[in-house]
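Okay, handing you the structure first.
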Protein chains: 2
Amino acid sequence: MAVKKKGETRAEDAPRRSSGDMPDLDGRKAAILNAIVTEYIGTAQPVGSQHIVDAPGVHVSSATVRSEMASLEREGYLTQPHTSAGRIPTDKGYRFFVDSLEGPGPLDPARRQQVRTFFDAAHGEIESMLEQTSGLLADLTDCAAMVVAPPHDAQGIRSVQLVGMSARTALVVVVLADGVVEKATLDLRDDTDDAVLAAAGSHVAAHVQGRTLTELPAELAPTGDRSADAVVADTLAILSQMSGGEARDQLFVGGSSRMAAAFDAVETVRSVLSILEQQLVVVSLLRDVLDRGLSVAIGTEHGYEPLASCALVVMPVSVDGEEAGTIGLLGPTRMNYPQALAAARVVGETLGQRLAESGRR
Amino acid sequence: MAVKKKGETRAEDAPRRSSGDMPDLDGRKAAILNAIVTEYIGTAQPVGSQHIVDAPGVHVSSATVRSEMASLEREGYLTQPHTSAGRIPTDKGYRFFVDSLEGPGPLDPARRQQVRTFFDAAHGEIESMLEQTSGLLADLTDCAAMVVAPPHDAQGIRSVQLVGMSARTALVVVVLADGVVEKATLDLRDDTDDAVLAAAGSHVAAHVQGRTLTELPAELAPTGDRSADAVVADTLAILSQMSGGEARDQLFVGGSSRMAAAFDAVETVRSVLSILEQQLVVVSLLRDVLDRGLSVAIGTEHGYEPLASCALVVMPVSVDGEEAGTIGLLGPTRMNYPQALAAARVVGETLGQRLAESGRR
DNA sequence: GTTCAGCACTCGATAGAGTGGAGTGCCAGC
DNA sequence: GCTGGCACTCCACTCTATCGAGTGCTGAAC
């Protein structure tokens, strides 16, 4: 398993946008490389020297461009599918291109409007809004889009309730400040009647209300009823299990159908789609990329082999300054990075505001 | 929109397995047709006359088979991609084949064991079990699998609770007998404090507990508090919206990555995948096919153009004799029908039993 | 010492010709 | 009515030729 463990940040292979550690390519080479990437993103065809003589920052003859391209190839930024074909960017080439973008750049007006319209119309439960947001992102970028819901850890508890389901099981229903309702089954040690359950429930509720799932007391004062106390203890244990762990993060994936046309090889399509079906893998992948301080992971940078021909754009969503949830975009390495970054930024920010408004009491 | 409205049952174009309305093909023709379908399902290659001379029920020379094939083609059961190629079944051919299967047939032992192992290990919330069931079905059949959760209508209400979220909104949290927790936002007409909310909540709870979402009273006796009464009325309205409507049916789709290899044309793959992303379309499609009394819809039989090159296997899941939830399998028209039907039946029955056990108090 | 026009060269993509073979339809004979 | 035989069809494949987009290199100009 190549997905890195949390916290294993490696500064040396985590390129940033800071100008300091940018590999030195003189202005013309950089312009040529960026022109090739831009052209290739648009056409998906190998780019010949002739095509970019008029690109901004270039304006030299194709012969000169050729010699620069040969040099860029030696340095590992470009490859040729075969002799006498144009050049294609390598992952390193894309990396340079992405690092060269100064800031995420603006989103084009049409898409900006689309985002505005979407969030103006958005309503209803948080889950369906996040689900729809993944669809919006896919529409905007033509990538598969992922939205990880804010973790529950930081959310205050609004309500805890115990509902008897059968003689030996009850349901713990927790309402959190952001409107998310969590539930878990509680196996009762003894037959417990509804009155005891209700008592235990309100005892727990009284002591945890307002706290977050990570600030739970280890135990509560006895209620005086022995069987209720057992239920209280078990309920507390269940509550503490509700926080934390990538396994509990809710994931919404939209637009995975767009992967069908993104790769030539059917097998690649199949394997990428099957990865998108694995919630846990996707969540830990996003988490990992984010932890390494990247906003874009190209090719094998995320270290996850099956996605070697993909690039991943990751954007944290912050609500009132707190990091809450994540946005991800998955496409072929030749995806439109400026557009994807811009869309992710705008949607992320707007979503963050939206969540902040709805969470405010 | 070609998806039929609920209830628009058309008996005349809903072929059944009953022997009465089977189009007359003499035994040999039927054997030849079924042999061709079987062969084509296995190889995805046009089937020549030579390949099926040894099939059971045939045993005539290839020349005779050829003349029968020509006849079957005239009658619309087969086509040729081009002259001098073998034959491919038409949708009508598949339909005959499916109608010829007497009963769903047994599932092979390995798969049967896989189902048993799965349900022995299955635990946890109903939603995650259904989600995993869709993955199981996909594994068993190499199709995309759909599981529609049982509708809430018939479920008894275990608990209703009102939780204040902000000054003007509250969350209605309903726990149903099968362990499903539904929620909806309630917009309050006036600022309402938590005590009033709680009072209104328990008033509603007391009067609806045990009833189903479809058996709600139109109004309740006044509580004596005017603002509480308003909340009670609004809560009742919200509860009644929770039942019914395909829009509320929860859908789990698994194994859609398998569609990548199912069709030659990338565009077909893309459009099929994009349909699988549209929950409402899928649910109403399944509902519609079921309402027409079909368990298999081949090609355009379901009337939904974009899935013309697909076949759909539908199986109702019954819990204690009540129809509850649906299983669906989507594959290319050349899917393995016997296997798909057998898997759907076994999984459907086992799932039904499982749900019955967990729902019993 | 860059830059660039010119030139020979490479090699995939495309088209056309030829061939093999899997398949057909038809027919005469049993 | 079934079947072996036969002529025919046409896709799939290979081989060849051609085209052209692209390259690398070189020598002259600035």
Side-chain angles (χ1 to χ4, degrees), chain A residues 24-33 35-90 93 264-265 334, chain B residues 24-33 35-90 93 264-265 334:
Chain A
D24 11 310
L25 288 183
D26 65 59
R28 194 171 66 186
K29 264 190 184 164
I32 288 174
L33 178 51
I36 290 174
V37 174
T38 306
E39 175 89 4
Y40 185 68
I41 284 173
T43 63
Q45 297 295 323
V47 181
S49 55
Q50 190 61 39
H51 280 117
I52 53 166
V53 290
D54 292 329
V58 182
H59 293 301
V60 286
S61 77
S62 65
T64 309
V65 171
R66 276 201 293 283
S67 95
E68 297 285 48
M69 281 163 79
S71 161
L72 283 167
E73 181 167 0
R74 276 191 300 276
E75 296 168 51
Y77 294 98
L78 298 174
T79 22
Q80 275 181 301
H82 55 84
T83 351
S84 90
R87 287 338 198 270
I88 285 179
T90 60
D264 293 334
R334 57 154 207 283
Chain B
D24 12 310
L25 287 183
D26 64 60
R28 195 171 65 188
K29 264 189 183 164
I32 288 175
L33 177 51
I36 290 175
V37 173
T38 305
E39 174 90 3
Y40 186 68
I41 283 174
T43 64
Q45 296 295 323
V47 181
S49 55
Q50 190 60 41
H51 280 115
I52 53 167
V53 289
D54 292 330
V58 182
H59 292 300
V60 286
S61 76
S62 65
T64 309
V65 171
R66 277 202 291 284
S67 96
E68 296 285 49
M69 282 164 78
S71 162
L72 284 167
E73 179 166 3
R74 277 192 300 275
E75 294 168 52
Y77 294 99
L78 298 173
T79 22
Q80 275 180 303
H82 56 82
T83 350
S84 89
R87 291 331 201 274
I88 284 177
T90 60
D264 294 334
R334 58 155 205 284

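Chain letters run A, B, ... following the sequence lines, proteins first and then strands; every chain starts at 1.
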Please confirm whether any donor atom in the side chain of A:Ser84 sits under 3.5 Å from an acceptor in the base of C:dT10, or the reverse.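 Such a pair exists between side chain and base.
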
Considering every strand and a 4.0 Å limit on heavy-atom distances, what is the contact class for A:Gln50: base, sugar-phosphate, or nothing?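 Contact class for A:Gln50: none.
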
Could you please name the option among D:dG24, D:dG5, D:dC11 that lies closest to any side-chain atom of B:Ala63?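 My answer, after comparing the listed nucleotides, is D:dG5.
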
Distance-only polar pair, side chains of A:Thr64 and A:Ser67, donor-acceptor under 3.5 Å: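 A:Thr64 vs A:Ser67: no donor-acceptor pair found between side chains.
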
Ignoring hydrogens and angles, does a donor from either the side chain of B:Arg66 or the base of D:dG4 sit under 3.5 Å from an acceptor on the other?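 For B:Arg66, whose side chain was compared with the base of D:dG4, there is no donor-acceptor pair (under 3.5 Å).
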
Using a cut-off of less than 4.0 Å, is there contact between a side-chain N or O of B:Ser49 and OP1 or OP2 of C:dT24?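 Answer is yes, contact under 4.0 Å.
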
Taking only the side-chain heavy atoms of B:Gln80 (C-beta and beyond), determine which of D:dT23, C:dT24, C:dC4 contains the nearest atom.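 Shortest atom-to-atom distance from the side chain points to C:dT24.
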
Nearest whole Å is fine: how far is D:dC2 P from B:Glu68 CD?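 From B:Glu68 CD to D:dC2 P: 7 Å.
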
Using a 4.0 Å heavy-atom cut-off, does A:His51 contact any base of the nucleic acid, only the sugar-phosphate backbone, or nothing at all?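 Sugar-phosphate: the residue A:His51, judged by heavy atoms under 4.0 Å, touches backbone atoms but no base.
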
I'd like to know if the side chain of A:Ser49 reaches the main chain of A:Val65, judged simply by a donor and an acceptor atom lying under 3.5 Å from each other, with no hydrogens or angles considered.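 No, because the side chain of A:Ser49 does not come within donor-acceptor range (under 3.5 Å) of the backbone of A:Val65.
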
Using a cut-off of less than 4.0 Å, is there contact between a side-chain N or O of B:Arg28 and OP1 or OP2 of D:dC2?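 It does, given that an N or O in the side chain of B:Arg28 lies less than 4.0 Å from OP1 or OP2 of D:dC2.
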
Candidate nucleotides D:dT3, C:dA22, C:dC11, ranked by approach to the side chain of A:Thr83 - the nearest: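 Within the option list, the nearest is C:dC11.
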
